[in-house]
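Here is how names work: the chains are called A, B, and so on, in the same order as the sequence lines, proteins then strands, and each is numbered from 1. Computed from a prediction, not measured in an experiment: that's the story for all the values here.
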There are 2 protein chains.
Amino acid sequence: MSPPPGRRRGPSKGDRREQAILDTARTLLARKPLAEITIDELAAGAEISRSSFYFYFDSKLAVVVALLHGLAGELDADAGPWLDGTGPDEPALRRSLTALAAIWRTHGRLLAGALAAAPGCPPIGEWRNSLRAAHVSRLAARIERERAAGLAPDGPEPHVLAGMIDDLRTAAFAGATDPERLVDDLVTVELRMLYGDLRVLHSPG
Amino acid sequence: MSPPPGRRRGPSKGDRREQAILDTARTLLARKPLAEITIDELAAGAEISRSSFYFYFDSKLAVVVALLHGLAGELDADAGPWLDGTGPDEPALRRSLTALAAIWRTHGRLLAGALAAAPGCPPIGEWRNSLRAAHVSRLAARIERERAAGLAPDGPEPHVLAGMIDDLRTAAFAGATDPERLVDDLVTVELRMLYGDLRVLHSPG
DNA sequence: AGACGGACTCGACGCGCTGTCGACTTTTTC
DNA sequence: GAAAAAGTCGACAGCGCGTCGAGTCCGTCT
């Protein structure tokens, strides 16, 4: 065949193998948790020997990192209008959370596995931290704006509150079998966390 | 020495060894995460060989389960007044959370390790689930009472909301280096989740 | 053509940790 | 003081990981 005419350099054999490993990982993850997947299986799926696997990736976790990087962009999808907006803009928040739920639906095992492996695997830990930090700092900025404008009540230091919201999302989605069903409740709860005021309630009498 | 006179049956040699394993586990856990602790170390700490360890426990996780059972009681400490009370009783909630924080301070590594091992280790998973279920159902009952009395606004189905609160606590404490410092913020946030009303806010003008 | 080098492949090895087995010693019991 | 129960251990087998060095394939340069 020799290098195809029109374009120089199609994907080399190695590139295709690397892809095959990634694909196999995705396929396996759809079927079982990360912890139960072995390098043998990954290699077998790509039709190479276990030792050849190491030519492409340093470890199973390195595969996960590669997979994760493919998701980095998607994870903020539709979050902009909410994070940059103002006021208890319920529809914007709902759109943001709906997009997140969709990701958790398709990549739940990957995300759950990554989260579980994060302590004890620096690269994954850093990935998680940087994502979390990005979200937290944007949300914290929003909280500050809202408070300064008198739109939101005082409360926990903005970064702390933002962190709690991020944690709540992660915990909720990680534990959910049906992410989309959580969205409405998450919307309500997050808005309360941000804007909820304890009005003194009418005790009976 | 022979069996001591007054009381029948002091702790047998085996009982003491078992204790020694448990103690070693506690000690090691104070120093490093569960995942980095090996059966060898546990056995060495109790001054027996690795194979003798298996006489006492089936696995490292079985030790964790034993440790966990010792905590089962403490984990509800001081939660009664809050869970059985009524209204946004901030002091009661604070006391409950303060007690929880203290447990996370002393047993954080154990709890974090257990949580990480829960998927993939049925006994630990069950332990976690039963604890969670107990808390969730008591809290959900409280939510129902409050709503029926017109003291709390409507919102997510009580069990779902209670679950979110439980998740939030776990995530927050698991990630914290200083659990006690979280208590005040958690109090604020939980009260908002339960009682927070979105009053329509004065837009400027 | 032929030599070179980089991309790629693999079997064999050593390691660390797990869990089991069977034989042995110690302690308890009657 | 003999039988049973409790406790102890070394040796072994298994699994999954990561490494090493030898070998093949393939395009390039001269």
Side-chain angles (χ1 to χ4, degrees), chain A residues 1-25 28-29 32-66 113 116-117 120-124, chain B residues 1-25 28-29 32-66 113 116-117 120-124:
Chain A
M1 229 152 263
S2 68
R7 273 247 141 260
R8 273 259 157 269
R9 260 193 188 286
S12 73
K13 187 166 161 194
D15 291 340
R16 274 180 288 112
R17 291 264 137 111
E18 187 171 327
Q19 255 320 114
I21 292 174
L22 259 9
D23 289 343
T24 305
L28 268 323
L29 276 169
K32 54 178 169 180
L34 178 60
E36 284 172 28
I37 295 174
T38 157
I39 291 184
D40 258 316
E41 296 175 278
L42 258 17
E47 296 179 301
I48 54 180
S49 75
R50 198 175 61 81
S51 18
S52 291
F53 168 93
Y54 288 98
F55 180 78
Y56 296 100
F57 296 96
D58 282 346
S59 70
K60 179 171 73 176
L61 261 9
V63 177
V64 170
V65 171
C121 174
I124 296 186
Chain B
M1 228 152 265
S2 68
R7 273 242 142 266
R8 272 255 158 272
R9 259 191 185 284
S12 74
K13 187 165 159 194
D15 290 341
R16 274 181 288 113
R17 290 263 137 112
E18 187 171 325
Q19 255 317 115
I21 292 175
L22 260 9
D23 289 343
T24 305
L28 265 335
L29 276 170
K32 55 178 169 180
L34 177 61
E36 285 174 28
I37 296 175
T38 157
I39 292 185
D40 257 318
E41 298 176 277
L42 258 16
E47 296 180 300
I48 55 181
S49 76
R50 198 176 60 79
S51 20
S52 289
F53 167 93
Y54 288 97
F55 180 79
Y56 297 101
F57 295 97
D58 282 345
S59 71
K60 179 170 74 178
L61 260 11
V63 176
V64 170
V65 172
C121 174
I124 295 185

Over all atoms of both residues, closest heavy-atom pair of [X] and [Y]:
{"X": "B:Ala117", "Y": "B:Ile124", "result": "CB-CD1, 4.3 Å"}
{"X": "A:Thr24", "Y": "A:Ala46", "result": "OG1-N, 3.8 Å"}
{"X": "B:Ala43", "Y": "B:Phe53", "result": "CB-CB, 4.2 Å"}

Nearest-angstrom distance from the residue atom [atom1] of [X] to [atom2] of [N]:
{"X": "A:Tyr54", "N": "D:dC20", "atom1": "OH", "atom2": "C1'", "value": "13 Å"}
{"X": "B:Phe53", "N": "C:dG19", "atom1": "CZ", "atom2": "P", "value": "8 Å"}
{"X": "B:Phe57", "N": "C:dT20", "atom1": "CZ", "atom2": "P", "value": "16 Å"}

Handout entry: Distance test, side-chain N/O of B:Ser51 to OP1/OP2 of D:dC9, below 4.0 Å
Key =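 No, no such contact exists.
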Practice task
Kindly state which residues belonging to residues 32-48 of chain A come within less than 4.0 angstrom of DNA chain D, counting heavy atoms of the residue only, listed by number.
Solution key: A:Thr38, A:Ile39
Exercise for the section: Classify the side chain of B:Arg50 versus the base of D:dG10 as yes if they form a donor-acceptor pair under 3.5 Å and no if they do not. Expected result: no
Problem - Member of A:Leu22, A:Leu42, A:Ile21 meeting the side-chain contact (heavy atoms from CB on, under 4.5 Å) criterion with A:Tyr56 - result: A:Ile21
Handout entry: Side-chain heavy atoms of A:Phe57 within contact of A:Ile39, under 4.5 Å
Key = no
Polar atom pairs between nucleotides 3-7 of chain D and protein, under 3.5 Å, N or O only, would you list them?
{"residue": "D:dG7", "atom": "OP1", "partner": "B:Ser12", "partner atom": "OG", "Å": "3.4"}
{"residue": "D:dG7", "atom": "OP1", "partner": "B:Gly14", "partner atom": "N", "Å": "3.1"}

Exercise for the section: Give a yes or no on this: more than 12 heavy atoms of other residues, nucleotides or ligands lie within 6.0 Å of atom CG of A:Asp58. Expected result: no
Practice task
Sequence neighbours left out, what pairs pass side-chain hydrogen bond (donor to acceptor under 3.5 Å, both in side chains) with at least one residue falling in residues 32-46 of chain A?
Solution key: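 Sorted pair list: A:Lys32-A:Glu41.
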Practice task
Starting at CG of A:Asp23, measure out to CZ of A:Arg17 and round the result to the nearest 0.5 Å.
Solution key: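 A:Asp23 CG to A:Arg17 CZ: 13.0 Å, rounded to 0.5 Å.
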